[in-house]
Amino acid sequence: MSVAEVVVDVPTMQTNRPFEYAIPNSLEDVVVPGMRVEVFFGRGKRKVQGFVMKINETSSFSGKLKPINRVIDLRPVLTPEMLKLSSWLADETYSFEISCLQTMLPSVMRAKYKQFIEPVEEFVDDQEVISLLDGNPSLEITPQMSDEKLQLINHLRRQNKIKIEYVVENQARQLKRQAITTELNTIQLHEQKNNLRSNAKAQFKLINFLIDNLDKLPIEMGEVEGISRATIKTAEKNGLLKIVEVTKRRKPIEITPEQTTKLNLTEEQKSAVDQINDSIDNSKSDTFLIEGVTGSGKTEVYLQSIERALKQGHSALMLVPEISLTPQMVNRVTGRFGDKVAVLHSGLSNGERYDEWTRIENGEAQVVVGARSAVFAPLKDIGLIIIDEEHEASYKQDDNPRYHARNVALWRAKQHKCPVVLGSATPSLESRARAQKGVYHLIYMKKRVNEHPLPHVQIIDMRDAENSAVKGDISPLLQDNLYRAIKRGEQAIVLLNRRGYSSFMMCRECGFTLKCPNCDVSLTYHKDLAKMKCHYCGHDEPVPSICPNCKSKKIGFYGTGTQNIEHQLNEILPQARVLRMDVDTTHKKGSHAKIIKAFGDHKADILLGTQMIAKGLDFPNVTLVGVINADTTLSIADYRASERTFQLLTQVSGRAGRADKEGHVIIQTFNPDHYAIKDASKQDYENFYKQEMYLRHQSNYTPYYFTTLISVAHKDEGQALKQGYWLKRQLQEALSDHAILLGPTPTMISRKQNKYYYQVIVKYKHEPKLHQKLLDILNDTQADTKKGFTIAIDNEPQHID
DNA sequence: AGCACGCCGACT
DNA sequence: GTCGGCGTGCTC
């Protein structure tokens, strides 16, 4: 009798390992690794879902094995590759294996548990039982139930009058629709048509419809126009056609495929494609980093490489930051590869996501375009993985499992022996440094395809009284340029940099920001303490009322909302049509794409928005880009602040002058001499890279050091802090003198969900004991979880806040 | 997580 | 005596 190793859906440290279950004879040839099964787990009659990881001939368990209850899937939902990946991922991200297995599948395949109360047979007629069940044979236990009711349930259960039935539900369901099809061929249909009675007009029409659409069958009933259901029924009775059930694919986001023919490549593009294709042809898992300026034609390189992979019989995976942000990219891929493309992104409903997943799983789609989680797409025989805008922080998931899609992609590439292509105009420092060391192959694309010059960038020093408008945030120069662009019938994009908004202090007189004396990051305002605090080392100081640098009283929290700017624009340029895009206006599904389309159709003159307008949008009529406040990202308390600012400014500048009109960019800032702003204005990534690497080296940050952030939380602040110190002591024991330990410090939103959060940061180069120590710490803290402690470990955090 | 077991104080 | 509350330990 064979035995299955099953990882059960009980996400705790103690159950984070496979449990053995006997495979009953009836399921002997059915159960295979990668399948989901239902098993009894624990003392009671609790049923849970589990994943079969492995099948053995013998058991190593000394006790009596329980049998597998039933299988949830007829075929395995995870391939051996994915099972292996989940183990690696669990280890890498310090997460439960079950969480990793579940994140690889569409959410509808996550088990839903229900509990029902049923009377024990002898007590079916018991008065208390009858009143509890209200005369029904069973009652579902819901979280909304009143405490009294739950108490009564407990009471009756202790008396053994009722029992609890567990139901494990699979939510995955495909939409079924009725469709018509026929087994007759054209000739037979023509014969049938001739045999019709002359007054059978509707039947005549129907047969014609069938003849015309023979190659498209089966066709859904709803799509047959002008023919009634009764007509179809009659035809079915006469053997003309058959009614079948088809699984209807729910319609994913509105994609308007952009038909582009294969373009002729420039020298740079050709060289890039050749290098990538060589790896595809020879099944080498090389990693390429394409550092290409905006407009250098990276997309065409991607498309032609995908084409090569397909031609070689492989599939291809392409990751983009967040699809709803780059509809134009999706449109181009679907335009080139049509039905072969599956699209996965956060805008899909759970059902839609499941449908797309199914299309990939059964091989209908060989090209997958998607956001972060698409890296787990069940593609077979991958020939190429592309990560566009590889520097984007959204590739890292910020809750468990905290994986980075780039690392998962590299892992899968090794399994599939295929290349990975990372593309960006502003690569992350980590990737660029790896390319420097020769770990990645660096490909430069310095020329723009259309040979247009880069936009002319102007930096406005807002400390200068002439530039800072008397009222409001829009400098006279930007006002003037907006006016003239609109007058010429051109469009403009205005970016309001909102991240880090209002949590730091800046002097409007001299541009001074309050920084930590030890860590070289901005101090952040803590409302509950009414103090300025450093997130790295915990240093704090009082909130200043005058600028320590120039003694001006104009120091304050910095930040304006998009609505405010919209107001100002309306006042200054009453004739301009302003379209605002921010979290408020894009809340509804699809509204994002609508705004983009409206702007593309020139239904507005100015597109005003936050970060989200900076990415991947391509509007030929935009000639002017204005950045209201370039500094906010610079001042957030994160060592990546300069990198983020540089990336944002470079990207948004690239939005100006994409077609044959020259572009103009105006950047308003209080820090005109900062290298991130200066280099962005020149689109000089390489210089920025050198500068930033130097500073990272000086202050021991990524990529010179690895960082791991561990945070603990508790309802009681004292307890949380105590745990923080305990954590630090534990780490100190295990680490060498070379490692740097910071904290414990409170986090900015130190009281989400009524809990206090403290974090410890480890910076290190080589600490072989760290991994195991963290696992031990996790284990110890998990045991305390009932006492209200929670812990989170984030390897290479994207932001520290 | 969720369940049973077991120890302990409180109460019909 | 026994009911119910809570701490502890285990789940193939």
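What you are looking at is a predicted structure, and each value in this text was computed from that prediction instead of being measured. Heavy-atom basis, side chains included; hydrogens, waters and symmetry copies ignored. Lettering of chains follows the sequences in order, A, B, ..., and the numbering in each one begins at 1.
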Starting from [atom2] on [N], measure out to [atom1] on [X] and report it in whole angstrom.
{"X": "A:Ile98", "N": "C:dC12", "atom1": "CD1", "atom2": "C1'", "answer": "15 Å"}
{"X": "A:Lys163", "N": "B:dG2", "atom1": "NZ", "atom2": "C1'", "answer": "19 Å"}
{"X": "A:Gln14", "N": "C:dT8", "atom1": "CD", "atom2": "C1'", "answer": "11 Å"}
{"X": "A:Phe19", "N": "C:dT11", "atom1": "CZ", "atom2": "P", "answer": "7 Å"}
{"X": "A:Asp9", "N": "B:dA1", "atom1": "CG", "atom2": "P", "answer": "12 Å"}
{"X": "A:Tyr113", "N": "B:dA1", "atom1": "OH", "atom2": "P", "answer": "14 Å"}
{"X": "A:Leu152", "N": "C:dC3", "atom1": "CG", "atom2": "P", "answer": "16 Å"}
{"X": "A:Phe96", "N": "B:dA1", "atom1": "CZ", "atom2": "C1'", "answer": "10 Å"}

For residues 404-412 of chain A, which side-chain N or O atoms pair as donor and acceptor with protein atoms under 3.5 Å away, sequence neighbours left out?
| from | atom 1 | to | atom 2 | distance (Å) |
| --- | --- | --- | --- | --- |
| A:His404 | ND1 | A:Arg406 | N | 3.0 |
| A:Arg406 | NE | A:Glu390 | OE1 | 3.0 |
| A:Arg406 | NH2 | A:Glu390 | O | 3.3 |
| A:Arg406 | NH2 | A:Glu390 | OE1 | 3.2 |
| A:Arg406 | NH2 | A:Ser428 | OG | 3.4 |
| A:Arg412 | NE | A:Glu81 | OE2 | 2.9 |
| A:Arg412 | NH1 | A:Val375 | O | 2.8 |
| A:Arg412 | NH1 | A:Ala377 | O | 2.8 |
| A:Arg412 | NH2 | A:Glu81 | OE1 | 3.3 |
| A:Arg412 | NH2 | A:Ala377 | O | 3.2 |

Heavy atoms under 4.0 Å, any strand shown: does A:Tyr21 hit a base, just sugar-phosphate, or nothing?
->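 Sugar-phosphate contact only - A:Tyr21 comes under 4.0 Å of backbone atoms but never of a base.
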With sequence neighbours excluded, tell me which residues meet side-chain contact (heavy atoms from CB on, under 4.5 Å) with [X].
{"X": "A:Phe116", "value": "A:Lys114, A:Ser138, A:Glu140, A:Glu165, A:Val167"}
{"X": "A:Asn362", "value": "A:Thr358, A:Glu364"}
{"X": "A:Pro33", "value": "A:Ile55, A:Leu83"}
{"X": "A:Val120", "value": "A:Glu122, A:Phe123, A:Lys163"}

N-O pairing of A:Lys396 and A:Asp794 below 4.0 Å |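 Result for this pair is yes, salt bridge flagged.
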Enumerate the residues from residues 37-50 of chain A whose closest heavy atom to DNA chain C is under 4.0 Å, giving them by residue number; use none for an empty result.
->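 Only A:Phe40, A:Phe41, A:Gly42, A:Arg43 qualify.
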Looking at side-chain heavy atoms only, is the closest gap between A:Val6 and A:Phe41 below 4.5 Å?
-> no
Choose from C:dC12, C:dG4, B:dA1 the nucleotide whose nearest atom is closest to any side-chain atom of A:Val10.
->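 Selected nucleotide (nearest to the side chain): B:dA1.
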From the list C:dC12, C:dT11, C:dG4, which nucleotide is the closest neighbour of the side chain of A:His155?
->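 Nearest nucleotide to the side chain: C:dG4.
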